[in-house]
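These notes are about the structure you will find just below.
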Amino acid sequence: MASPISIHQSRLSERDHLDILNLNAKHFHSLDALTNILEGDPAETWASTFHPDGLFQTLSADGNVIFQACGRDQLINAHRNFPDIPTTRHLISNVLIEPHPRGARSGSYIIAMNIGVNPATIIRTGTYDDLISSKDGVWLYEKKMLILDAFSPKAE
């Protein structure tokens with residue numbers, strides 16, 4: 001049986017894939033407040049990886065919402081109030097990008113490390129489930145959801 005997704009919607013170009021990978025990199029560089037490549041306020045840069053009404057959520061393994069920020073102002077405020085930005089590095093792997101009727105769906109694994117101690121320690125693990133769409137040729141998150149692993153420490 002044929003998929004309900006149209007031919008146009010079922011294909012992502014190589015450029016789309018590269019742009020979405022770069023969106024992920026920009027998101028995590030700004031989340032970790034790395035300003036050596038990205039200029040400007042990391043909170044505003046992080047929020048700019050979302051559509052103006054974009055949603056970021058952190059869920060426990062059983063699906064309960066632990067944290068949520070929706071819209072540019074809440075996203076900026078959330079970033080500015082995350083307690084561990086100076087000491088955290090997010091390592092993302094196994095990025096999978098698939099077509100979706102609204103644009104693209106992306107998933108990845110995450111390990112967040114506390115780099116404020118020696119040796120660095122794991123503070124969070126989980127997966128991301130993202131809904132991404134393009135407006136005027138720019139890919140942005142509609143929804144970015146962190147789903148913590150069952151035995152991951154809770155994200156705050």
Side-chain angles (χ1 to χ4, degrees), residues 12 14-100 102-134 138-156:
L12 294 170
E14 290 178 13
R15 177 86 245 163
D16 293 333
H17 280 266
L18 289 172
D19 288 348
I20 292 168
L21 288 171
N22 196 57
L23 173 67
N24 268 282
K26 182 178 180 182
H27 178 86
F28 289 105
H29 275 253
S30 58
L31 180 59
D32 292 342
L34 299 175
T35 57
N36 52 334
I37 296 174
L38 294 174
E39 295 181 7
D41 180 344
E44 291 184 17
T45 303
W46 184 73
S48 76
T49 64
F50 292 85
H51 285 280
D53 60 348
L55 173 66
F56 174 78
Q57 288 182 316
T58 302
L59 283 74
S60 63
D62 61 6
N64 290 318
V65 175
I66 297 170
F67 177 81
Q68 178 171 295
C70 185
R72 183 167 175 77
D73 291 341
Q74 284 187 14
L75 290 163
I76 290 170
N77 189 49
H79 187 284
R80 290 187 176 145
N81 288 295
F82 287 147
D84 58 358
I85 285 182
T87 58
T88 302
R89 290 295 175 269
H90 292 81
L91 309 173
I92 306 304
S93 67
N94 298 334
V95 177
L96 177 64
I97 302 166
E98 292 291 330
H100 183 275
R102 294 180 64 90
R105 189 155 175 212
S106 175
S108 58
Y109 300 163
I110 178 204
I111 298 173
M113 303 289 295
N114 177 356
I115 61 165
V117 296
N118 187 8
T121 58
I122 295 174
I123 55 174
R124 281 185 289 283
T125 63
T127 58
Y128 275 98
D129 184 348
D130 307 329
L131 179 59
I132 308 163
S133 61
S134 175
V138 178
W139 288 96
L140 298 171
Y141 298 110
E142 286 186 26
K143 182 176 184 180
K144 187 164 190 69
M145 189 169 38
L146 167 58
I147 305 160
L148 295 173
D149 291 330
F151 296 104
S152 176
K154 288 186 178 177
E156 308 215 9

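We count residues from 1, following the sequence as given. Only this structure's heavy atoms are used, side chains among them; waters, hydrogens and symmetry mates stay out. This structure is a prediction, so every number in the text was calculated from the model and none was measured.
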Inter- and intrachain pairs under salt bridge (Lys or Arg N to Asp or Glu O under 4.0 Å), touching residues 42-53, at least two apart: Glu44-Arg80
Residue among Arg89, His90, His27 satisfying side-chain hydrogen bond (donor to acceptor under 3.5 Å, both in side chains) with Asp32: His90
Candidate pair Ser48 and Arg72, rule side-chain contact (heavy atoms from CB on, under 4.5 Å), full reasoning: CA-CA 8 Å; Ser48 76; Arg72 183 167 175 77; 4.0 Å; yes
Intermediate values then yes/no, side-chain contact (heavy atoms from CB on, under 4.5 Å), Trp139 and Asn22: CA-CA 10 Å; Trp139 288 96; Asn22 196 57; over 6 Å; no
With sequence neighbours excluded, residues passing salt bridge (Lys or Arg N to Asp or Glu O under 4.0 Å) with Asp16: none
Over all atoms of both residues, closest heavy-atom pair of Ile115 and Pro86: CD1-O, 4.4 Å
Ring pair (Phe, Tyr, Trp, His ring centres under 6.0 Å) against Tyr128, all qualifying residues, sequence neighbours excluded: Phe28
Closest approach of Lys26 to Thr49 (non-hydrogen atoms, all atoms of both residues): CG-CG2, 4.0 Å
CD1 on Ile92 to OG1 on Thr127, rounded to 0.5 Å: 10.5 Å
Over all atoms of both residues, closest heavy-atom pair of Leu38 and Ser30: CD1-N, 3.8 Å
Side chain to side chain contact (heavy atoms under 4.5 Å, CB included) partners of Asn81, counting only residues at least two apart: Asn77
Sequence neighbours excluded and cut-off under 3.5 Å, please list the side-chain donor-acceptor pairs for residues 141-149, or say none.
from, atom 1, to, atom 2, distance (Å)
Tyr141, OH, Asn24, OD1, 3.2
Tyr141, OH, Lys144, NZ, 3.4
Glu142, OE1, Arg102, NE, 2.8
Glu142, OE1, Arg102, NH2, 2.8
Glu142, OE2, Arg102, NE, 3.4
Glu142, OE2, Arg102, NH2, 3.3
Glu142, OE2, Ser133, OG, 2.7
Lys144, NZ, Asp130, OD1, 3.2
Lys144, NZ, Asp130, OD2, 2.8
Asp149, OD2, Thr125, OG1, 2.8
Asp149, OD2, Gly126, N, 3.3

Where at least one partner belongs to residues 104-123, residue pairs that pass side-chain hydrogen bond (donor to acceptor under 3.5 Å, both in side chains), sequence neighbours excluded: Arg105-Asp129
Whether Phe56 and Trp46 hold their rings parallel, tilted or perpendicular, with breakpoints at 30° and 60°: perpendicular
Heavy-atom pair of closest approach, residues Ile20 and Ala104: CD1-CB, 3.7 Å
Closest contact, heavy atoms only, Glu39 versus Thr45: O-OG1, 3.8 Å
Any donor-acceptor N/O pair, Thr88 side chain to Ile85 backbone, under 3.5 Å: no
Intermediate values then yes/no, side-chain contact (heavy atoms from CB on, under 4.5 Å), Asp41 and His79: CA-CA 10 Å; Asp41 180 344; His79 187 284; 5.6 Å; no
Closest approach of Ala69 to Ala78 (non-hydrogen atoms, all atoms of both residues): CB-CB, 4.0 Å
